[in-house]
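Small disclaimer: the values here were computed from a predicted structure and weren't measured.
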Amino acid sequence: ENAAIDRGIHPADWTNANIDRMRAQFRTMGASWDWSREVIASDPAFYRWTQWLFLQLYRAGLAYKAMAPVDWCPKDMVVLAREQVLGAERTCWRCGTPVVKRDLEQWFLRITRYADELLDFSQLDWPEPILLMQTNWIGRSEGAEIDFPVAPNGADTDAVAPIRVFTTRPDTIFGATFMVLAPEHPLVARLTIDDRRAEVEAYVAAARRETEIERLSAERERSGIFIGSYAMNPLSGERIPIWIADYVLPGYGTGAIMGVPAHDERDFDFARRYELPIRYVVAPRGVEPDPSAAFVAHTDDAVLINSGAFTGMSAAEGIRAIIAQVAEQGMGGPAVSYKIRDWLVSRQRYWGAPIPIVYCDVHGPQPVPELELPVLLPRDVDFAPTGVSPLQSHAGFLAATCPVGGEQARRETDTMDTFVDSSWYYLRYCSPRFEAGPWDPEAMRHWMPVNLYTGGAEHAVLHLLYSRFFVKALRDLGHLEFDEPFMALRNQGQILGADHHRMSKSRGNVVNPDELVARYGADTVRLFLLFIGPWDQGGPWSPTGIEGVFRFLSRVWNLAQPPITGSVRTVPAPIVPGMPPPRSIAGEIPGSGGTSADDLLALIEGSSRALRRITHQTITAVTEDYEALHFNTAVSKLMELSNAIGDGLEAGADDEAVQEAIDTLLLLLAPAAPHVTEELWAHRGRPYSIHQQAWPVADENLAAADLIELPIQVDGKLRDRLLVAPDTSEADIERLALASVRVQAHLDGKPPARVVHIPGRLVNVVTAR
RNA sequence: GCCGGAGUGGCGGAACAGGCAGACGCGUCGGUCUCAAACACCGAUGGGAGCAAUCCCGUGUGGGUUCGACCCCCUCCUCCGGCACCA
């Protein structure tokens with residue numbers, strides 16, 4: 001929408017032009033999807049069901065409208081979900097502008113109802129960091145809510161209900177020497193005594209004016225103000241002063257805390273500044289707390305002190321006992337608090353799915369009947385953002401009738417957050433043209449849940465959290481039969497601009513794949529993207545090396561293109577392919593001085609046998625790499641196979657081995673470089689299409705080497721290598737290892753203290769030291 | 001500040017149930033081809049010593065465990081990501 005405004009065109013045209021462009025781009029890159037299942041979120045045929053879903057949630061009480069302090073992007077002139085406000089700088093996820101707080105009536109989805117179930121990841125094979133991010137975002141804390149009665153002072157505060165606090169450390173209640181309310185707490189005005197009123201009101205006003213960043217700044221000294229009233233500690237009966245301070249947040253817990261300076265760092269700082277008493281009530285057993293010390297963090301071996309009847313209990317016992325006591329007095333009990341907030345989904349923008357609600361003066365807000373869906377987004381709207389939905393100035397859209405009484409009514413003009421569309425799109429893929437509902441239940445059973453989902457980690461607490469919520473809510477409403485949308489998740493890395501920043505037009509560091517495709521061809525670009533580094537890591541873009549991939553594909557072309565007929569080369573005599581004797585490589589094989597072990601092995605096996613071995617080893621290795629998403633090493637192994645084919649030709653490998661190797665190379669390469677492999681496959685007279693052939697299967701016997709190479713170490717340092725038949729006895733291997741002149745040179749004529757022999761891996765000769 | 005992830009040649013990166021560090025590719029150097037260049041091909045390429053055989057040093061820092069550590073444990077440093085007074 002913003003881009004369309006910048007260009008002076010309609011968002012629908014801009015969106016559709018982009019869809020066309022991306023389809024074409026994907027096509028040139030050879031991306032192979034089932035295009036018959038394409039869905040477009042801005043198409044009424046899709047958002048009809050987005051609206052339907054909203055109504056299901058509304059009827060179930062999971063969608064509601066409420067006045068609340070919300071995050072507002074002053075540039076986009078729209079509210080944001082808490083998840084869309086990024087980082088300590090608290091910026092808009094879309095444009096990067098710092099957000100501000102506003103009190104507005106908005107639509108929310110009750111994701112908090114699923115907070116506990118969203119913490120259950122037991123069915124998921126997801127990256128640990130994503131699970132941690134979701135866990136932290138949900139932010140579950142167990143503790144207690146405890147009522148502190150207001151102490152009578154003869155004024156009108158006497159009739160005030162007790163003040164409820166939330167704490168995770170009820171065991172420290174005897175250390176509560178003051179109470180703090182958030183400046184926004186509803187009781188502040190009533191509990192402020194007249195003498196203090198002017199100052200308190202000034203403090204509250206100042207707190208409201210401050211941006212959240214300033215307020216949350218850790219650097220700033222804690223501030224607060226005494227409001228003149230007192231509360232009673234429900235267990236000790238102690239009278240403690242009531243303060244307000246902006247370090248207590250209105251939206252978490254109950255918006256009020258008991259101040260326990262001895263055991264909480266923030267309360268400690270606060271007490272120090274305002275000279276409030278600090279009383280230690282928990283200490284490691286047998287240790288006298290040092291009054292000059294700072295706050296004492298929670299430890300496992302701590303016991304309660306100065307805590308009346310609870311003195312002597314362990315901290316864990318104390319927590320249980322004090323909660324029980326408070327509950328018995330009817331003054332609270334166990335409680336759980338969460339950081340996650342309900343999901344704000346309404347947006348004051350044009351380009352989104354309209355929220356299907358109408359407002360009737362007689363019957364209040366009413367859902368649009370399902371048969372009337374979709375509520376169509378009109379095209380002829382002045383969509384410049386003004387802070388209220390542009391739809392408000394569209395008389396035709398606005399006019400509605402009440403579904404209950406038929407009165408004239410007014411349509412909701414806010415549209416839905418784009419993340420509502422993306423929270424369920426994958427469900428529509430199962431039956432994209434289904435008309436009788438959002439999905440065909442039979443297709444749903446066949447396809448869902450998604451077995452492997454790939455995407456960026458930036459969706460951790462956005463799309464991935466919302467989608468889980470949707471599936472659970474729809475399951476509970478009887479629409480789905482599974483608990484999780486995405487069983488396995490893998491995060492790909494992000495390719496950054498050459499300047500190490502995210503690619504963006506404004507930075508001018510965007511790489512356009514079209515130019516590379518035009519220059520090198522799609523297969524080269526695809527292969528290079530796979531080869532550039534680990535798929536899950538990402539990193540700065542550098543085109544260095546794309547030439548190497550291009551050369552590789554050129555070599556494959558040259559190898560596979562002309563059917564090889566009767567190429568004749570000198571063949572070095574193979575050394576007894578059947579039963580080669582064990583031998584030490586260096587020094588003991590005449591003339592083997594400069595020969596690498598691989599070369600020697602090939603020499604012994606014979607070039608045909610060696611090529612077939614490498615071919616079948618490559619099948620296994622590349623298949624495993626693909627399945628593990630290790631594409632960079634898969635490509636390097638394909639390069640090695642192509643090098644081996646070149647060596648085999650050079651050494652006179654027979655045609656059968658060469659042709660098998662080439663066919664295998666093409667088959668393994670086909671997913672990565674679909675175009676060139678298809679063409680070569682056809683040139684070689686193989687049946688169409690290479691992409692419909694069975695995946696090659698490795699023959700274990702062919703993949704097994706006739707000889708294995710064993711490193712020989714002395715004291716952990718490599719000194720020699722042994723080429724032996726796989727079935728050589730351990731005793732023979734150790735005898736050969738010790739017989740090595742290079743090993744002997746490091747033994748100084750003394751017998752070894754020990755020989756560590758890991759069969760098939762290595763031999764380590766340990767000297768007495 | 002808290003929670004994650006990562007530090008390997010000139011560069012991208014291999015190798016990680018503890019077992020040959022540097023696969024594969026780029027770049028660089030040398031050579032072949034060419035009138036010349038480009039392309040292509042061949043060879044060399046972690047650092048140091050040596051004519052050589054070979055030896056020493058090397059995976060951010062400093063310790064530790066082990067026959068053996070890029071890998072495990074502890075300390076610190078740097079970079080990237082997330083959260084940010086959540087009581």
- Message: Check this for me, if you would: do A:Arg169 and A:Asp264 make a salt bridge, where the nitrogen-to-carboxylate-oxygen distance has to be below 4.0 angstrom?
- Response: no
- Query: Between A:Glu83 and A:Gly538, which has a closest nucleotide on RNA chain B that is more 5'?
  - Reply: A:Gly538
- Does any donor atom in the side chain of A:Tyr203 or A:Ser223 lie under 3.5 Å from an acceptor atom in the other side chain? yes
- Message: Taking only the C1' atom of each, what is the distance from B:G68 to B:G4 in whole angstrom?
- Response: 31 Å
- Message: Taking B:A38 as the reference, what is the distance to B:C33 when you measure between their P atoms (whole Å, please)?
- Response: 15 Å
- Across all strands shown, which nucleotide pairs with B:C35 by Watson-Crick or G-U wobble geometry, both distances under 3.5 Å? none
- Roughly, in whole Å, what's the span from CD in A:Glu458 to P in B:C80? 18 Å
- Which listed nucleotide (B:A87, B:C83, B:C56) is nearest to the side chain of A:Thr168? B:A87
- For B:C71, which nucleotide is its Watson-Crick or G-U wobble mate, given both distances must be under 3.5 Å? none
- Select base, sugar-phosphate, or nothing to describe what A:Gly143 touches, counting heavy atoms under 4.0 Å on all strands. nothing
- Message: Under 4.0 Å, heavy atoms only, any strand: does A:His630 hit a base, just the sugar-phosphate, or nothing?
- Response: nothing
- Message: Can you classify the ring geometry of A:Phe166 versus A:Tyr252 as parallel (below 30°), tilted (30 to 60°) or perpendicular (above 60°)?
- Response: perpendicular
- Candidates B:C55, B:C57, B:C67 - which lies nearest the side chain of A:Arg754: B:C67
- RNA chain B nearest-nucleotide lookup for A:Val85 and A:Arg341: closer to the 5′ end is A:Val85
- Within the structure, does a side-chain N or O atom of A:Ser141 lie under 4.0 Å from either OP1 or OP2 of B:A87? yes
- Task: Take the protein atom CZ of A:Phe528 and the nucleotide atom C1' of B:G12, then report the distance between them rounded to whole Å.
- Result: 8 Å
For residues 755-762 of chain A, tabulate all N or O donor-acceptor pairs below 3.5 Å that involve a side-chain atom, not counting sequence neighbours.
unit_1   : atom_1 : unit_2   : atom_2 : d
A:His757 : ND1    : A:Glu734 : OE2    : 3.1

- Taking the same atom, P, in B:C42 and in B:C35, what whole-Å distance lies between them? 22 Å
- Round to a whole Å and report the spacing from CG of A:Asp536 to P of B:G81. 17 Å
- Task: Decide whether A:Trp126 and A:Gln134 meet the rule of one side-chain donor and one side-chain acceptor closer than 3.5 Å.
- Result: no
- Item | Residue list, salt bridge (charged side-chain N to carboxylate O under 4.0 Å, His left out) with A:Arg140, at least two apart or on another chain | A:Asp116, A:Glu142
- Query: Does B:A87 have OP1 or OP2 sitting under 4.0 Å from an N or O in the side chain of A:His263?
  - Reply: no
- Counting only Watson-Crick or G-U wobble pairs whose two distances fall under 3.5 Å, which nucleotide matches B:C16? none
- Message: Checking base pairs now: Watson-Crick or wobble, both atom distances under 3.5 Å. What partners B:U28?
- Response: B:A44
- Which one is paired to B:A49, where only Watson-Crick or G-U wobble pairs with both distances under 3.5 angstrom count? B:U54
- Item | Base-pairing assignment for B:A21 (Watson-Crick or G-U wobble, both under 3.5 Å) | none
- Task: Would you indicate, yes or no, if B:U54 has its OP1 or OP2 atom less than 4.0 angstrom from a side-chain nitrogen or oxygen of A:Arg742?
- Result: yes
- Before accepting this row, confirm whether a basic side-chain N of the pair A:Arg490/A:Asp125 lies closer than 4.0 Å to the acidic partner's carboxylate O. yes
- State whether A:Lys637 and A:Asp625 are salt-bridged, where the test is any N-O pair (Lys NZ or Arg NE/NH1/NH2 against Asp/Glu carboxylate O) under 4.0 Å. yes
- Contact string for nucleotides 19-34 of chain B, one letter per nucleotide 5' to 3', B = base within protein heavy-atom range under 4.0 Å, S = sugar-phosphate only, - = neither, reads BB--BBSSS-------
- How many Å lie between CD on A:Glu650 and P on B:C41, as a whole number? 13 Å
- Rounded to whole Å, the CG-P distance (A:Asn558 to B:C41) equals 8 Å
- Separation of the P atoms in B:G48 and B:C11, to the nearest angstrom: 15 Å
- Starting at CD of A:Glu128 and ending at C1' of B:A6, how long is that distance when rounded to a whole Å? 17 Å
- Determine, for A:Asp71 against A:Arg90, whether the closest basic-nitrogen to carboxylate-oxygen distance falls under 4.0 angstrom. yes
- Message: Quiz question: by atom type and distance under 3.5 Å, do the side chains of A:Tyr274 and A:Asp269 form a donor-acceptor pair?
- Response: no
- Message: For B:C3 and A:Lys339 - does any side-chain N or O of the residue sit under 4.0 Å from the phosphate oxygens OP1/OP2?
- Response: no
- Task: Return no unless some side-chain N or O of A:Arg82 is found under 4.0 Å from OP1 or OP2 of B:C86.
- Result: no
- Roughly, in whole Å, what's the span from CG in A:Asn136 to P in B:A84? 10 Å
- Message: What is the separation between atom CD on A:Glu89 and atom P on B:G82, rounded to the nearest whole Å?
- Response: 9 Å
- Which base sits across from B:C79 as a Watson-Crick or G-U pair, both distances under 3.5 Å? B:G5
- Query: If the C1' atom of B:U59 is compared with that of B:A21, how far apart are they to the nearest Å?
  - Reply: 7 Å
- B:G9: syn or anti, with syn meaning chi within 90° of zero? syn
- Task: For B:G13 versus B:A23, give the span between their P atoms, rounded off to a whole number of Å.
- Result: 15 Å
- Query: Rounding to the closest angstrom, what is the interatomic distance between B:U61 and B:C39 at atom C1'?
  - Reply: 47 Å
- How far, in whole Å, is B:C70 from B:G22 if one measures between their P atoms? 12 Å
